[in-house]
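Contents: one structure, followed by commentary.
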Amino acid sequence: MVTKNIASDQKVKAMSLVEVRTFIEHLAKENPDAKSELNYTSPYTLLVAVVLSAQATDASVNKATEKLFKVASTPSEIVALGEEGVAQYINSIGLWRAKSRNVVALSTQLLEQHDGNVPGERQALEALPGVGRKTANVVLNIAFNQSTMAVDTHIFRLGNRTGLALGKDVLAVEKALVRRIPKDLLRDSHHWLILHGRYICKARKPECWRCPATIVCHYPNKNLG
DNA sequence: AACTCGGGGCA
DNA sequence: TGCCCAGAGTT
């Protein structure tokens with residue numbers, strides 16, 4: 001997917017490990033109580049929300065799930081609602097046909113294979129329809145307290161732009177981040193990075209003058225206002 | 001590696 | 001109008 005929106009076609013130098021630590025510690029200070037901005041109240045609604053969030057803004061997803069979860073917030077309730085029923089709540093976000101299909105199929109599979117619970121193992125999660133590596137990483141991080149790094153479009157862009165973690169695809173960037181970020185900071189780094197990428201290190205017109213870590217950033221086109 | 005799904009937000 | 005959005009599945 002993602003290689004087109006790096007917003008820099010110039011060569012970027014990788015950060016040193018010292019710079020990586022400095023960068024992460026600055027982001028931690030910037031956003032001390034970072035958490036997901038998606039709307040969820042359980043591992044199941046988290047899973048559904050993340051599946052729905054693919055290539056959509058979280059504001060549009062939250063608008064849909066706010067209504068949907070009021071009607072159906074468990075696998076059996078979603079299955080009872082059916083694809084058409086789910087679709088009527090989520091057709092304001094893109095990819096809604098496939099997402100309606102996946103959410104119902106995923107819920108059916110949870111009931112049939114996992115007693116209606118969200119599994120805490122990567123393999124079982126990625127076997128669910130509509131769930132790939134990124135979604136599994138988010139669920140493992142938030143619902144199962146694991147130090148995974150879920151790389152979305154924001155983190156991919158930020159990693160390549162700043163030199164924090166270079167890679168041609170999301171998996172390469174994920175591995176670089178896991179390898180380079182201090183272990184004790186890895187789990188929360190997911191939240192710090194995604195929020196920083198979203199509000200400051202933006203795809204268009206990054207607001208580098210607001211960034212607490214420009215001193216260690218290798219982005220050649222810094223927008224310092 | 002490239003293609004497809006996709007409506008809404010925003011400049 | 002064109003770009004971008006808390007990606008995944010298929011060819």
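Protein chains get the first letters and strands the later ones, always in sequence-line order, with residue 1 at the start of each.
In this structure, the CG atom of D169(A) is 14 Å from the C1' atom of dA2(B), given to the nearest Å. Going from atom CG of L95(A) over to atom C1' of dC3(B) covers 13 Å, rounded to whole Å. As a whole-Å value, the separation of I155(A) CD1 from dC5(C) P is 12 Å. In this structure, CZ of R198(A) is placed 22 Å from P of dC3(C), rounded to the nearest angstrom. The CG-C1' distance, from D152(A) to dA6(C), rounds to 5 Å in whole Å. Between the CG atom of D58(A) and the C1' atom of dC4(C) there is a distance of 13 Å, rounded to whole Å. Put simply, NZ on K134(A) is 9 Å from P on dA6(C), counting in whole angstrom units. As rounded to whole Å, 15 Å separates atom P of dC3(C) from atom CD of Q55(A).
Checked against K99(A) for a side chain to side chain contact (heavy atoms under 4.5 Å, CB included), the options L52(A), V61(A), N91(A) give a single hit: L52(A).
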Decide side-chain hydrogen bond (donor to acceptor under 3.5 Å, both in side chains) for Y44(A) and S107(A); before the verdict, give the C-alpha distance in whole Å, the side-chain angles of both, and the deciding distance to 0.1 Å. CA-CA 9 Å; Y44(A) 175 70; S107(A) 303; 2.6 Å; yes
With side-chain contact (heavy atoms from CB on, under 4.5 Å) as the criterion, how do H26(A) and T22(A) come out once you've worked through the C-alpha distance, each side chain's angles and the decisive distance to 0.1 Å? CA-CA 6 Å; H26(A) 277 116; T22(A) 303; 3.3 Å; yes
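The R97(A) side chain lies nearest to dG6(B) when the options are dG7(C), dC5(C), dG6(B).
In the model, N145(A) has a side-chain atom that pairs as donor or acceptor with a side-chain atom of R187(A) under 3.5 Å. Counting only N and O atoms by type, the side chains of N137(A) and R122(A) include a donor and acceptor under 3.5 Å apart.
Heavy-atom minimum distance, L185(A) versus W192(A): O-CZ3, 3.8 Å. For the pair E30(A) and R210(A), the tightest heavy-atom approach, listed with the atom from each and the gap, is OE2-O, 4.2 Å. Scanning all heavy atoms of the two residues, the minimum distance from S53(A) to K134(A) falls at OG-NZ, 4.4 Å. Residues A124(A) and H114(A) come closest through the heavy atom pair CB-CE1, 3.8 Å.
Across dA8(C) and dG8(B), the matching P atoms stand 23 Å from one another, rounded to whole Å. For the C1' atoms, the distance from dA1(B) to dC5(C) is 22 Å, rounded to whole Å. Between dA6(C) and dC3(B), the two P atoms lie 24 Å apart (nearest whole Å).
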Between the protein and nucleotides 8-11 of chain B, are there any N/O to N/O pairs under 3.5 Å, and if so, what are the atom names and distances?
none

Between N or O atoms, less than 3.5 Å apart, protein on one side and nucleotides 9-11 of chain C on the other: list the pairs.
unit_1: dG9(C); atom_1: OP1; unit_2: G130(A); atom_2: N; d: 2.9

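Residues V51(A) and V170(A) do not share a hydrophobic cluster, defined by chaining ILVMFWY side chains whose heavy atoms lie under 4.5 Å apart.
T41(A) places none of its side-chain heavy atoms less than 4.5 Å from the side chain of F69(A). The side-chain heavy atoms of C201(A) and T162(A), taken from C-beta on, include a pair separated by under 4.5 Å.
For DNA chain C, the residues of residues 31-51 of chain A within the heavy-atom distance limit of 4.0 Å (strictly under) are S36(A), E37(A), L38(A), sorted by number.
Residue A56(A) is classed as a base contact, given a heavy-atom separation below 4.0 Å to a base.
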